[in-house]
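Here is the structure we will look at.
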Number of protein chains: 4
Amino acid sequence: MTEFAWSVRVYYEDTDAGGVVYHANYLHFMERARTEWLRARGFEQDELKSQLNVLFAVRSMNIEYYLPARFNDSLIVTVKIISLRGASMMLEQDIKKENESSVLCQGKVRIVCLTASDFRPCPIPAQILEIRTTI
Amino acid sequence: MTEFAWSVRVYYEDTDAGGVVYHANYLHFMERARTEWLRARGFEQDELKSQLNVLFAVRSMNIEYYLPARFNDSLIVTVKIISLRGASMMLEQDIKKENESSVLCQGKVRIVCLTASDFRPCPIPAQILEIRTTI
Amino acid sequence: MTEFAWSVRVYYEDTDAGGVVYHANYLHFMERARTEWLRARGFEQDELKSQLNVLFAVRSMNIEYYLPARFNDSLIVTVKIISLRGASMMLEQDIKKENESSVLCQGKVRIVCLTASDFRPCPIPAQILEIRTTI
Amino acid sequence: MTEFAWSVRVYYEDTDAGGVVYHANYLHFMERARTEWLRARGFEQDELKSQLNVLFAVRSMNIEYYLPARFNDSLIVTVKIISLRGASMMLEQDIKKENESSVLCQGKVRIVCLTASDFRPCPIPAQILEIRTTI
C-alpha cells in the first residue's frame with residue numbers, strides 16, 4: 001500500500017525559544033496531512049459531518065521525537081494505514097525534511113469515527129473503508 | 001474607573017525561534033484577561049451563550065509592540081473600558097512584566113456583541129452594560 | 001505595484017469553539033504570506049539573519065475583522081507595500097476566500113528591521129528596498 | 001510519592017470547531033504543569049539553561065484521549081515520576097476536570113536532559129535527581 005505525502009513549511013508560529021519546532025506543533029502537521037489524505041481520496045471532512053453525521057477524532061497517539069525541525073525547513077509528512085476497520089483506524093505518520101531520509105518525528109495515531117451529533121463511536125462509512133483497497 | 005489585571009506566565013508554547021513571545025500570542029493573553037474580567041464581574045461566557053444567546057467577538061484591534069516578553073516572564077495583562085454602549089465596547093489592554101512599569105504591548109480592542117445563533121450584532125445585555133458603573 | 005498572494009487552507013488547529021477561525025490565527029496566515037512574499041523575491045529569512053544579521057519584527061498592527069473564515073476554507077492572503085523606507089515598511093494584507101471578493105479580514109502591519117544580535121532598529125538592506133521597484 | 005497538580009483554565013484559544021479542546025493543546029497543558037512542577041521544586045528552566053547549560057526536551061509521548069474538555073472548563077493537570085535517572089525521566093500526567101474523578105487525557109512522557117549548547121543528551125544534574133527523594 002503506497003504512502004500519502006504532504007508538504008509543510010515551518011514558519012515562526014511553529015517554533016519556540018529553543019530554536020526548533022515546538023513539540024506539540026508536529027501534531028498540527030500530522031493532522032494537516034491526514035486532512036489532505038482524506039481530501040485526495042475524495043472526502044471533505046465538513047461534508048462527512050453535514051452529510052453522514054460523522055467526524056474523526058484522535059483516540060491515542062504515540063509520538064517519537066528523533067531530530068528537531070527548524071524555522072524555514074520544508075518538511076514532508078506521510079500517512080500510511082496500519083489498520084482500518086470497524087470504528088477505528090491506525091495510521092503511521094513520518095515527518096522528514098524534504099530530500100532527506102532521516103525521520104525527525106514519527107507518530108502512530110489511532111483515529112476513531114464518531115457520530116458528529118453526540119461524539120459516540122460509530123462504524124467508519126463503507127466508502128471510506130475502501131481507501132484500503134483502492135490505492 | 002479602575003483597571004482589571006490578570007497574571008499570565010510565559011511558557012515555551014508562547015515563544016518563537018526569535019527567543020521572544022510570538023506576536024500573535026499576545027492576543028491570547030489579552031483574551032484570557034478579558035475572559036477573567038467578565039468572570040470576575042459574574043459573567044461566564046458559556047452561560048451568556050446558552051442563557052442569553054449572545055457571544056462577544058473581536059471586531060478590530062490596534063496592537064502596538066514596544067518591547068518583547070520572553071520565556072518564563074510573569075506578565076500582567078490589564079483591561080480598561082474606553083467605551084461601552086449599544087452593541088460594542090472599546091477596551092484598552094496593556095501588557096507589562098510583573099513589578100515593572102514599561103508597557104511591552106498595548107492593544108485597543110473593539111468587541112461586538114453577537115447573537116450566538118446567527119452571528120448578527122445585537123445590544124449588549126443590560127446587566128453587562130452595568131459593568132461601567134459598578135466598579 | 002502588484003500584490004503578492006498566498007493560499008492558506010483552514011485546518012482544525014486554526015478554528016475555535018465558535019466554529020470559526022480564532023481571531024489571533026489570522027495573524028499566522030498574514031505572517032506566512034509575508035514570509036512567502038520575501039521568499040518569492042529571493043529573500044530567505046534564515047539567511048538574512050545569518051548573513052546580514054537582520055530580522056523583521058512586527059511593530060504594530062491594525063486588524064479589521066469583517067467576516068469569519070471556517071474549517072476547510074481555502075483562503076487567499078495578499079501582501080501590498082504601502083511604504084518601504086529606512087528601517088520600516090507598512091504592508092496591507094487582505095484575507096479572502098478563494099474565488100470570492102469579500103474581504104474577511106484586513107491587516108495594516110508595520111514591520112521594522114532589527115539587528116538580529118541585539119534587536120535594535122537598523123536600515124532595511126538595500127537589496128530588499130529594491131522590492132519597491134522590481135515588481 | 002505524591003503527585004504535583006496544576007490548574008489550567010480552557011480559553012477559546014485552546015478549542016477547535018468541534019467544540020472541544022484541540023488534541024495538540026493538551027500537550028501545552030502538560031508542559032505548563034511540568035514547568036510549574038520544576039519551579040515548585042526550585043528549578044527555573046531559564047536558569048538551568050544559563051547556569052548549568054541544560055534543557056529538557058520531550059523524547060517521546062504516549063497520549064490517550066478518553067473524554068473531551070470544553071471551553072471554560074477548569075482542569076487539573078498532574079505530574080508523577082515513573083522513573084528518573086541518567087539522562088532521562090518518565091512522567092505520567094493526568095488531566096481531569098476540577099472536582100471530578102474521570103481522567104480526560106493521560107500522557108506518558110519521556111523527557112531527556114540535553115546540553116543547551118548542542119542538544120546532546122547529558123546526565124540530569126544531581127540536584128534535580130533529588131526530586132525523587134525529597135517529596
Side-chain angles (χ1 to χ4, degrees), chain B residues 13-35 45-46 48-50 53-70 88 90-91 93 95 103-121, chain C residues 13-35 45-46 48-50 53-70 88 90-91 93 95 103-121:
Chain B
E13 65 185 273
D14 305 307
T15 61
D16 69 21
V20 297
V21 169
Y22 182 65
H23 74 291
N25 292 344
Y26 295 97
L27 276 58
H28 297 200
F29 301 163
M30 289 181 186
E31 193 194 41
R32 293 183 203 174
R34 294 195 302 271
T35 299
Q45 287 180 88
D46 47 356
L48 291 175
K49 187 175 175 185
S50 62
N53 189 33
V54 299
L55 54 80
F56 291 107
V58 176
R59 172 61 185 73
S60 64
M61 304 191 90
N62 191 284
I63 310 287
E64 298 283 330
Y65 298 96
Y66 297 112
L67 289 165
R70 293 170 194 277
S88 83
M90 175 65 82
L91 304 174
Q93 301 196 257
I95 300 180
V103 175
L104 305 183
C105 177
Q106 183 178 75
K108 293 199 174 102
V109 187
R110 179 165 295 282
I111 302 290
V112 289
C113 189
L114 303 176
T115 58
S117 46
D118 65 0
F119 278 40
R120 296 172 70 92
Chain C
E13 65 185 273
D14 305 308
T15 61
D16 70 21
V20 297
V21 170
Y22 182 65
H23 74 289
N25 292 344
Y26 294 98
L27 275 60
H28 299 199
F29 301 164
M30 290 181 186
E31 194 195 41
R32 293 182 203 174
R34 294 194 302 271
T35 299
Q45 287 179 89
D46 47 356
L48 291 176
K49 187 175 175 185
S50 62
N53 190 32
V54 299
L55 55 80
F56 291 107
V58 177
R59 173 58 186 75
S60 64
M61 304 191 91
N62 190 284
I63 311 287
E64 299 283 329
Y65 298 96
Y66 297 113
L67 289 164
R70 293 170 194 279
S88 83
M90 174 65 82
L91 304 174
Q93 300 196 258
I95 301 180
V103 175
L104 305 183
C105 177
Q106 182 179 74
K108 294 199 173 99
V109 187
R110 180 165 293 281
I111 302 289
V112 288
C113 189
L114 303 176
T115 57
S117 45
D118 65 359
F119 278 39
R120 296 172 70 92

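We name chains A, B, ... by the order of the sequence lines, and we start the count at 1 in each one.
With a 4.5 angstrom heavy-atom cutoff, Val112(B) does not touch chain C via any of its atoms. Heavy atoms closer than 4.5 Å to chain B are found nowhere in Tyr26(C), neither backbone nor side chain. Only the backbone of Ala17(B) has a heavy atom closer than 4.5 Å to any heavy atom of chain C. Contact of Glu31(B) with chain C is made through the side chain alone, with heavy-atom distances under 4.5 Å. Residue contact with chain C, scored on non-hydrogen atoms closer than 4.5 Å, is absent for Lys108(B). Residue contact with chain B, scored on non-hydrogen atoms closer than 4.5 Å, is absent for Leu55(C).
Shown here for Ala24(B) and His28(C), the closest heavy-atom pair between the two residues is CB-CD2, 3.6 Å. When every heavy atom of Pro68(B) is checked against every heavy atom of Phe119(C), the shortest pair comes out as CG-CD2, 4.4 Å. Leu27(C) approaches Tyr22(B) most closely through the heavy-atom pair O-OH, 4.4 Å.
In this structure, the side chains of Met61(C) and Glu64(B) stay at 4.5 Å or more apart for every pair of heavy atoms.
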